[in-house]
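These values consider heavy atoms only, across backbone and side chains, with no hydrogens, waters or symmetry-generated copies.
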Amino acid sequence: MTRRLAIFGLLAALAGCEGTQNAFGGQGAEGTNFVRLFALFTIVSTLMYLIVIAGLIAALWRRRGAALTVDDRRHHQTSPAIGLALIGWTALIVVGLTVLTVASFFTDRSNAARTREPALTLTVTANQWWWDVEYTPSDPSKNLRTANEIHLPVGVPAQVLLKSNDVIHSFWIPNLAGKQDLIPGRSTDVRLLPAKTGLYRGQCAEFCGVAHALMALDVTVESKADFQRWYAAQLRVAAVPATPLQLAGYRYVTTRECASCHNIAGTPANGQVAPDLTHFASRASIAAGTLPMGKGNLYGWIADPQSQKPGNRMPTIGLAPDELHAVVAYLEGLK
């Protein structure tokens, strides 16, 4: 049993070192600096550990269990070699700590310098258990609000302002940067400089309640041109229903319970306490990374959200079959 647990732990650790959620990926400038700093800490700490173990083995080898006489003990206590060893060990500790302190300082300065003048600013507000994302460019008419997703242009420094509406959360995109807490009543921030295009996964890294493990964030790093196209598409109002079934869903969503919580630009739905649904179907997942975007998952989520993500704030409404079909059809068209 112990061996199985050890193997499972090793496999779990290795699984966390690749893919869309990889703290050693270094796909961002800040993340790369952290990986290098971690490697340095590992080398220095390993060296210290090996020296201690080597000293222990040497001491055991010299004595090999033989009893010391009184004269032997006096000799060893006053031996100049012991004093020199203590001086050497103290010097090694001082040098090691100095190296780590200096490296940490310059890593922090390097991360700050790279994104001193961000070209992109967005605000991420944490809620139990989803992410509200708002892009705030210098032109207020181009403010953009989405949910549970972030798009970033590669090579462009971005400042992410962090807020919380309820409890302490933690914003973490392992591939790009380190963690930063979101604290109610305070504003914090993290700087990102993506170095490589790709799809990544962010995560709340601070226990925030029953659905904490199901509070993820889809992160897309793309070329500047692709980012501009995505941004322009997101600024448009919601798509107009194209079929009678979608029209029935539009009428239900914009006049019934959904409209009191969700906002859909260009429609009467203007709720502000739940994720914005204007371009809902263009996202990669449903319910903050809980389910991949797809028709089957959308049916399951709308019909009974509590069975998909226990504890979330979306109530089970109990739609009739024709209402469920219509709502799903309308939401599928919000791209």
*Would you give the length of the straight line joining atom CD of Glu206 to atom CE of Met215, rounded to the nearest 0.5 angstrom?*
11.5 Å

*With sequence neighbours excluded, give me every salt bridge (charged side-chain N to carboxylate O under 4.0 Å, His left out) pair touching residues 126-138.*
Asp132-Arg145

*Atom NZ of Lys309 with >12 non-hydrogen neighbours under 6.0 angstrom*: yes

*Sorted by first residue and then second, give each side chain to side chain donor-acceptor pair (under 3.5 Å) pair with at least one member in residues 315-326; sequence neighbours left out.*
Tyr299-His325, Asp304-Thr316

*Find out if a path of hydrophobic residues (ILVMFWY) with successive side-chain heavy-atom gaps under 4.5 Å connects Trp131 to Met314.*
no

*Without swapping roles, check the side chain of Asn312 against the backbone of Pro305 for a donor-acceptor pair under 3.5 Å.*
yes

_Distance-only donor-acceptor check, side chains Thr136 and Asn143, under 3.5 Å_ = no

_Nearest non-hydrogen partners of Asn148 and Ala216, listed with the distance_ = OD1-O, 4.4 Å

*Do Ile302 and Leu331 have side chains that get closer than 4.5 Å, going by heavy atoms?*
yes

*Any salt bridge (charged side-chain N to carboxylate O under 4.0 Å, His left out) involving residues 170-188? Give me the pairs, sequence neighbours left out, ordered by first then second residue.*
none

*Supply the members, apart from Leu214, of the Ile/Leu/Val/Met/Phe/Trp/Tyr cluster built from side-chain contacts under 4.5 Å; use none for a lone residue.*
none

_Which residues pass the side-chain contact (heavy atoms from CB on, under 4.5 Å) test with Leu47, not counting sequence neighbours?_
Ile51

*asked:* Working to the nearest 0.5 angstrom, can you tell me the gap between Leu182 CG and Cys204 SG?
replied: 7.5 Å

*Does any pair with a residue in residues 261-286 pass ring pair (Phe, Tyr, Trp, His ring centres under 6.0 Å), and if so which ones, sequence neighbours excluded?*
none

*Least distance between heavy atoms, Ala288 atom then Trp129 atom*: CB-O, 3.7 Å

_Shortest non-hydrogen contact from Thr278 toward Ala238_ = CG2-N, 3.7 Å

_Per the ring pair (Phe, Tyr, Trp, His ring centres under 6.0 Å) rule, what does the pair list look like for residues 178-201, sequence neighbours excluded?_
none

*Taking the side chain as C-beta and beyond, is there a heavy-atom pair between Trp89 and Leu92 under 4.5 Å?*
yes

*If you look at every heavy atom in Ala265 and Asn263, which pair is closest and at what distance?*
N-ND2, 3.8 Å

*asked:* If I take atom CG from residue Asn127 and atom NZ from residue Lys163, how far apart are they, to the nearest 0.5 angstrom?
replied: 12.0 Å

_Under 3.5 Å: donor-acceptor pair, side chain of Gln128, backbone of Asp166_ = no

*Examine the side chains of Tyr135 and Gln234 and answer whether a donor and an acceptor come within less than 3.5 Å of each other.*
no

*Give a yes or no on whether Ile317 and Leu324 share a hydrophobic cluster (residues Ile, Leu, Val, Met, Phe, Trp, Tyr; joining criterion: side-chain heavy atoms under 4.5 Å apart).*
yes

*Given side chains that start at C-beta, do those of Phe227 and Val156 come closer than 4.5 Å, heavy atoms only?*
no

*Would a hydrophobic clustering, with Ile, Leu, Val, Met, Phe, Trp and Tyr connected at side-chain separations under 4.5 Å, put Tyr231 with Val154?*
yes

*With Ser285, which of Thr290, Asn297, Asp218 fulfils side-chain hydrogen bond (donor to acceptor under 3.5 Å, both in side chains)?*
Asp218

*Asn165 side chain near Val273 side chain, heavy-atom distance below 4.5 Å*: no

*Cluster companions of Ile43 among Ile, Leu, Val, Met, Phe, Trp, Tyr (side-chain spacing under 4.5 Å)*: none

*asked:* Would you compute the distance between atom OG of Ser141 and atom CG of Leu235 and round it to the nearest 0.5 angstrom?
replied: 8.5 Å

*Applying ring pair (Phe, Tyr, Trp, His ring centres under 6.0 Å), which residue pairs with at least one partner in residues 143-162 are found, sequence neighbours left out?*
His151-Trp230

*Taking the side chain as every heavy atom from C-beta outward, state whether Leu161 and Val124 have any pair of such atoms under 4.5 Å apart.*
no

*asked:* Side-chain heavy atoms nearer than 4.5 Å, only ILVMFWY residues, links allowed to pass through others: does that put Trp130 and Trp301 together?
replied: no

*asked:* According to ring pair (Phe, Tyr, Trp, His ring centres under 6.0 Å), who are the partners of Tyr250, at least two apart in sequence or on a separate chain?
replied: Tyr330

_Pair listing, salt bridge (charged side-chain N to carboxylate O under 4.0 Å, His left out) test, anchored in residues 265-289, at least two apart_ = Glu149-Arg283

*State plainly whether one hydrophobic cluster holds both Trp172 and Val167, where clusters connect Ile, Leu, Val, Met, Phe, Trp and Tyr through side-chain heavy atoms under 4.5 angstrom apart.*
no

*In chain order, what residues pass the side-chain hydrogen bond (donor to acceptor under 3.5 Å, both in side chains) check against Ser260, with sequence neighbours excluded?*
none

_Would you compute the distance between atom OG of Ser170 and atom NE2 of His212 and round it to the nearest 0.5 angstrom?_
8.5 Å

*asked:* To the closest 0.5 Å, what do you measure between CG (Leu217) and CZ (Arg201)?
replied: 9.5 Å

